[in-house]
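Below you'll find the structure, written out as structure tokens, and then a few comments.
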Amino acid sequence: MEIASICSGSSGNCILVKSDDINILVDAGISNKRIEGGLNFFDTSPNEIDAIVITHEHSDHIKGIGVFLRAHPVTVYATKGTIDYILNSSSTGEVDEDLFEEIESGEEFFVGNMKINALSTSHDASDSVCYRFDDGKKSCAIVTDLGYYHDELVDSLQNLDAILVEANHDLKMLEVGPYPYHLKSRIWSDEGHLSNEACGQLLSEIISDRMQYIILGHLSKDNNYPELAFETVRNELMFNDIDIKEMDIEIKVARRDQPSCDIII
């Protein structure tokens, strides 16, 4: 199984998950040109994509979906609220509605031999989810856009080999930064985004001996930077008696605006 970040950040998200002959995109929140360029960077043709799974309807997760589907029609899996928004958005343009397959949070479905679980997340969207992928040998998850994490999500993220997880902001940078108060309140609310500290706390509850890679993603452009996210998460893990060096776990930080973090588990 392979995870490759085409981009992951507050201004656009698109992740490639591969297993054997199955290629799945998680979100399409950048232009089609950048999606195609990112896929080519990872030696994958856009025509080789078997499915797209969408987490929610915010523009940094669906911006390129319409153009991509017109050029490369594939099945799109998403919750009802997300699909309704995409199909009724003028920015999507005309797309074939038959390409969309409705799923529910808590449901599992298959793309080829890849089992995918849609897991409910707390975010200010219609019905946002994140995804766990299992191919019978390895398991990974793409977990972003959650204001907080709940016990059901923690239970669903056990025994992973790799995870891309949100480390959106540094609390102090957000507090003293230039954002207006209403936007700051949204970000640190239970329907906003995980801070670096909260990311480390979530990881502390799901790390097992199977874990090989952690990718920190969805970093804020204005309220975080890679080195700070890395150090804060690592320190939070150490505070909870988790030594990533001793456990041979590698932490990477996904780039916000370009391909990065190609890992194979």
Problem - Expected output: side-chain Asp135 to main-chain Ser19 donor-acceptor under 3.5 Å - result: no

Exercise for the section: Without swapping roles, check the side chain of Ser156 against the backbone of Glu152 for a donor-acceptor pair under 3.5 Å. Expected result: yes

Practice task
Verify whether one side chain among Asn196 and Asn224 offers a donor that lies under 3.5 Å from an acceptor in the other.
Solution key: yes

Handout entry: Trace of the side-chain contact (heavy atoms from CB on, under 4.5 Å) decision for Asp84 with Leu87
Key = CA-CA 5 Å; Asp84 288 346; Leu87 293 179; 5.6 Å; no

Problem - Leu157 to Ala141 - nearest heavy-atom pair and separation - result: CD2-CB, 3.7 Å

Exercise for the section: Look at the side chain of Lys184 and the backbone N and O of Glu175, then say whether any donor-acceptor pair between them is shorter than 3.5 Å. Expected result: yes

Handout entry: Check: Glu36/Asn40 side-chain N/O donor and acceptor closer than 3.5 Å
Key = no

Exercise for the section: Hey, can you tell me if His58 and His56 have their rings parallel, tilted or perpendicular (30° and 60° cut-offs)? Expected result: perpendicular

Exercise for the section: Taking Asn13 for its side chain and Asp60 for its backbone only, find out whether a donor-acceptor pair lies under 3.5 Å. Expected result: yes

Handout entry: Identified side chain to side chain contact (heavy atoms under 4.5 Å, CB included) partner of Asn113 from the options Asp20, Asp21, Asp134
Key = Asp20

Handout entry: Over 12 foreign heavy atoms within 6.0 Å of CZ, Arg255
Key = no

Problem - Any donor-acceptor pair under 3.5 Å from Gln258 side chain to Ile6 backbone - result: no

Exercise for the section: Output yes when a side-chain donor or acceptor of Lys137 lies under 3.5 Å from a complementary backbone atom of Met1, and no otherwise. Expected result: no

Practice task
Would you confirm whether Ser128, through its side chain, and Thr121, through its main-chain N or O, come within 3.5 Å as a donor-acceptor pair?
Solution key: yes

Practice task
Please say which of Thr144, Asp27, Ile215, Val26 ends up in a side chain to side chain contact (heavy atoms under 4.5 Å, CB included) with Ile15.
Solution key: Val26

Exercise for the section: Verify the cluster assignment for Leu25 and Ile163: are they in a single hydrophobic cluster under the rule of side-chain heavy atoms below 4.5 Å apart? Expected result: no

Completion exercise
What one should report as the nearest heavy-atom pair of Ser204 and Ile242 is CA-CD1, 3.6 Å

Problem - Closest approach of Tyr179 to Ser220 (non-hydrogen atoms, all atoms of both residues) - result: OH-OG, 4.0 Å

Practice task
Using a cut-off of 6.0 Å, state whether more than 12 heavy atoms not belonging to Tyr149 lie near its atom OH.
Solution key: yes

Handout entry: Chi angles and distances behind the side-chain contact (heavy atoms from CB on, under 4.5 Å) call for Ser5, Lys252
Key = CA-CA 11 Å; Ser5 174; Lys252 295 174 173 284; over 6 Å; no

Exercise for the section: Taking atom CD of Glu48 as the centre, report whether more than 12 heavy atoms of other residues, nucleotides or ligands fall under 6.0 Å from it. Expected result: yes

Practice task
Would you check if there is a donor-acceptor pair between the side chains of His169 and Asp222 at a distance under 3.5 Å?
Solution key: no

Problem - Glu102 side chain to Ile83 backbone, donor-acceptor under 3.5 Å - result: no

Handout entry: Basic-acidic side-chain contact under 4.0 Å: Arg234, Glu236
Key = no

Practice task
Take atom CG of Asp96 as the centre, draw a 6.0 Å sphere, and report whether it contains more than 12 heavy atoms from other residues, nucleotides or ligands.
Solution key: yes

Exercise for the section: Would you indicate whether the side-chain heavy atoms of Asn168 and Asn223 approach each other to under 4.5 Å? Expected result: no

Handout entry: Worked verdict on Tyr148 versus Glu191 for side chain to side chain donor-acceptor pair (under 3.5 Å)
Key = CA-CA 7 Å; Tyr148 76 100; Glu191 295 184 336; over 6 Å; no

Problem - Joint cluster assignment, Ile263 & Phe42, ILVMFWY side-chain distance < 4.5 Å - result: no

Problem - Same apolar cluster (I L V M F W Y, side chains within < 4.5 Å links), Val129/Val53 - result: yes

Exercise for the section: Apply side-chain contact (heavy atoms from CB on, under 4.5 Å) to the pair Tyr131 and Leu119, showing each step before the final yes or no. Expected result: CA-CA 6 Å; Tyr131 293 97; Leu119 310 173; over 6 Å; no

Handout entry: Worked check of ring-ring contact (aromatic ring centres under 6.0 Å, His included) between His123 and His61
Key = CA-CA 13 Å; His123 194 55; His61 296 264; 7.5 Å; no

Exercise for the section: Ignoring hydrogens and angles, state whether a donor on the side chain of Thr82 or Thr79 is under 3.5 Å from an acceptor on the partner side chain. Expected result: yes

Practice task
Kindly check if the number of other-residue, nucleotide or ligand heavy atoms within 6.0 Å of CE (Met247) is above 12?
Solution key: yes

Problem - Polar contact flag, side-chain donor to acceptor under 3.5 angstrom, Lys18-Thr44 - result: yes

Practice task
Following the transitive rule for hydrophobic clusters with a side-chain heavy-atom cut-off under 4.5 Å over Ile, Leu, Val, Met, Phe, Trp and Tyr, establish whether Ile103 and Ile54 coincide in one cluster.
Solution key: no

Exercise for the section: Could you check Cys199 against Leu216 for side-chain contact (heavy atoms from CB on, under 4.5 Å), going step by step and ending with a plain yes or no? Expected result: CA-CA 9 Å; Cys199 174; Leu216 306 181; 3.9 Å; yes

Practice task
Look at Lys80 together with Asp127 and state whether they make a salt bridge at an N to O cut-off of under 4.0 Å.
Solution key: no

Problem - Heavy-atom neighbours of Phe239 CZ exceed 12 at 6.0 Å - result: no

Handout entry: Option passing side chain to side chain contact (heavy atoms under 4.5 Å, CB included) with Arg132 (candidates Ile116, Leu153, Leu160, Ile142)
Key = Leu160

Problem - Hphob cluster co-occupancy, Phe133 + Ile264, side-chain heavy atoms under 4.5 angstrom - result: no

Practice task
Determine yes or no for a side-chain-to-main-chain donor-acceptor pair under 3.5 angstrom, with Asp161 supplying the side chain and Lys138 the backbone.
Solution key: no

Completion exercise
Smallest heavy-atom separation, Ala51 atom then Tyr77 atom, equals CB-CE1, 3.8 Å

